[in-house]
Amino acid sequence: MRVLIANDDGIDAVGIRVLAERFARENEVMVVAPMNQRSGFSHSLTIDEDILFEKKTGAFTAYAISGTPADCTKTGVLYFNDGQPFDLVLSGINNGANLGTDILYSGTVAAATEGAMHGIPSIAISLQKWNCSEEMYIKAADFVYEEKERLIDLCCAFGGVLNINFPITEPFKGVRLTKAGINLYNDSYVAGQTDDSVRICGQPTPHNLNDEDCDVELIKQGFATITPLSTDRNDFAALDKLKRLKIF
């Protein structure tokens, strides 16, 4: 199997190294990752400037690029692939969760979504918490590797991307297919390091908008959550409702 691995934490992140090492044992792996941290870049692409790249030496083919997480997958599929198609796109393992509405900002999810847009089974993988021990990344990588055939089958069943969040809570309760929940934050902006700059800050805000069957809640109980995400942004129920209003 030929596997493309990207991320948003950068080429030197522990998560992408652990994931690539696990899959490279029995598969052909190519890594394409940002040169630097690109968290929160969502599905942005570099369209008005050159993308710089540097080929890395090691046990598997790897490129560090100056672009975004979505650029990583796109250049991997269309430029660095040597004319050979990929069988699987993986993004991660992210340093921290991509749960609920946070997926809208996630470069990790976007890198996987780009793979799905090219018709390749694609999976985003994130850890529940920030800055975990390497042992937790290894557990998450082992989980994805051991379940890869079933995960690929799920991807092929609906043509979208799977968003996996792996818990650090013990004991591990198992796996749940579930929807994305809601996250709220008390975001504000404060003065930055210079007089002409600002910086966002904020903390999660408690709320009661989630039911028990969503990724935000299930991971707290020790479940690995798998959420199917479509590349089709249409809300057909809303479209039908608005048409019935006959405003336009």
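Keep in mind that the numbers below use all heavy atoms, side chains included, and drop hydrogens, waters and symmetry copies. Count residues from 1 along the sequence.
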>> Restricting to salt bridge (Lys or Arg N to Asp or Glu O under 4.0 Å), what partner residues turn up for D195, sequence neighbours left out?
In response: none

> Taking atom CD1 of I182 and atom CG of D211, what is their separation to the nearest 0.5 Å?
Replying inline: 9.0 Å

> Looking at residues at least two apart in the chain, or sitting in another chain, which of them share a ring-ring contact (aromatic ring centres under 6.0 Å, His included) with Y63?
Replying inline: F80

> Any side-chain donor paired with an acceptor under 3.5 Å for D9 and N7?
Replying inline: no

> Would you say N165 and Q128 make side-chain contact, with heavy atoms under 4.5 Å?
Replying inline: no

>> Suppose the criterion is ring-ring contact (aromatic ring centres under 6.0 Å, His included): which pairs have a residue in residues 160-208, not counting sequence neighbours?
In response: F143-F166, F166-F172

> Does one side chain, of N94 or T108, offer a donor that lies under 3.5 Å from an acceptor on the other?
Replying inline: yes

> Cut-off 3.5 Å, side chains only: do T194 and D196 have a donor facing an acceptor?
Replying inline: yes

>> I need the M35 CE to C72 SG distance, nearest 0.5 Å.
In response: 10.0 Å

>> Would you say D215 and T178 are linked by a side-chain donor-acceptor pair, where the criterion is simply a distance under 3.5 Å?
In response: no

>> Within the 3.5 Å criterion, strictly below it, is a donor on N98 or N163 matched to an acceptor on the partner's side chain?
In response: no

> Do the non-hydrogen side-chain atoms of R176 and I226 ever get within less than 4.5 Å of each other?
Replying inline: no

> CD1/I16 to CD1/I11 distance, rounded to the nearest 0.5 angstrom?
Replying inline: 5.5 Å

